Amino acid sequence: MKIVTWNINGVKARIEVLTAWLQESNPDIVCLQEIKSVDEQFPRAEIEALGYHVETHGQKGFNGVAILSKKSPDEVIRGLPGEDSDEQSRFIEAVFSTETGAIRVVSLYLPNGNPIDTEKFPYKLRWMERMERWAEDRLALEEPLILAGDYNVIAQPKDAKHPEAWLNDALFQPESRQALRRLENLGFTDATRSVTDEAGTYTFWDYQAGAWQKNNGIRIDYLMLSPEAANRLASASIEKHVRAWEKPSDHVPVAIALT
DNA sequence: ATGGTGGTAACACCA
């Protein structure tokens, strides 16, 4: 089973890239972030025409997440608990039946948090604490659980071409990195790192200043696996070539295969 | 020093 996370950076502007990629990559489950669309305007017909079921949690203008799947989910839950006043659409979870039992898949778009001297940074840290509590609860289910998405955190210096350039950025603050480490310490495996722990493995290249051409990237898109999911990890890959397509997202698809 | 989106026709917001 192939599961992919991809920050699409606007699904309506990217529908041609998305449908071309679906046909090439042939994933079973796709976690999208930054769809930047309300549910009613999501281009579902084009995706359903390729045989995919569509579940969205959209928002006007910004944010928004979705899960595409060849098989319909048994259950879908929208939103991350823990802060009633939070109206940003950044979290959707779906449960799927498989031949070997249920798997739970989350598509998440963690807050960017910049600039760090504004309310945006504490919002990011609160969101990460909420996610940690949520993950603790779900781990108790002892089921294969995949937390896939744009984490907006550079975990280690080797996850950036120029780590020194990110020292004042919310993505590389000690508090952000520690919160991600706490999540991993609950028992999650970073699928990509468990397969290739090399410097220069990036998932995002800015549109500006020729970042892609210079490979000036960062790795901020992760699939975090519960022990039950990690036990079934067969492979992980970054579909980097998609960044060179016409009208690309600034992120690329990150994939895993489970047995 | 680019790109998507929104609410309008140049500019603000977000990444």
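Please read all numbers here as calculations on a predicted model, not as lab measurements. First the proteins, then the strands, lettered A, B, ... as listed; each starts at 1.
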| said: I'd like the P distance from B:dA1 over to B:dG6, given in whole Å. | reply: 28 Å
| message | Between A:R90 and B:dA15, is there a contact of a side-chain N or O with OP1 or OP2 at under 4.0 Å? | response | yes
| What interatomic distance, in whole Å, is found between P of B:dG7 and the corresponding atom of B:dC13? | 14 Å
| field | Of the listed nucleotides B:dG4, B:dG3, B:dA1, the one nearest the side chain of A:Y207 | value | B:dG3
| From B:dA1, B:dC14, B:dA15, pick the nucleotide closest to the side chain of A:N112? | B:dA15
| field | Below 4.0 Å: OP1/OP2 of B:dA15 and any side-chain N or O of A:K120 | value | yes
| query | Going through the checks in order, is the side-chain hydrogen bond (donor to acceptor under 3.5 Å, both in side chains) test met by A:T5 and A:D221? | reply | CA-CA 7 Å; A:T5 182; A:D221 300 274; 5.3 Å; no
| Does one side chain, of A:W205 or A:N215, offer a donor that lies under 3.5 Å from an acceptor on the other? | yes
| query | Given the rule in the side-chain hydrogen bond (donor to acceptor under 3.5 Å, both in side chains) test, do A:T100 and A:R232 qualify, once you have shown the distances and angles that lead to the verdict? | reply | CA-CA 11 Å; A:T100 50; A:R232 290 169 52 180; 3.1 Å; yes
| query | CZ of A:F204 versus P of B:dG4: gap in Å, rounded? | reply | 13 Å
| field | Selection from B:dC14, B:dG7, B:dG3 that lies nearest to any side-chain heavy atom of A:K60 | value | B:dG7
| Distance, rounded to the nearest Å, where A:D206 contributes CG and B:dG4 contributes P | 13 Å
| said: Just checking A:E119: does its CD atom have more than 12 heavy atoms from other residues, nucleotides or ligands closer to it than 6.0 angstrom? | reply: yes
| request: In whole angstrom, give me the gap between the C1' atoms of B:dT5 and B:dA10. | output: 15 Å
| query | What's the CG-P distance between A:L171 and B:dC14, to the nearest Å? | reply | 16 Å
| message | What's A:Y109 touching, base or sugar-phosphate or nothing? Going by heavy atoms closer than 4.0 Å. | response | sugar-phosphate
| task | Could you tell me which nucleotide pairs with B:dG7 by Watson-Crick or G-U wobble geometry, both distances under 3.5 Å, or answer none if nothing does? | result | none
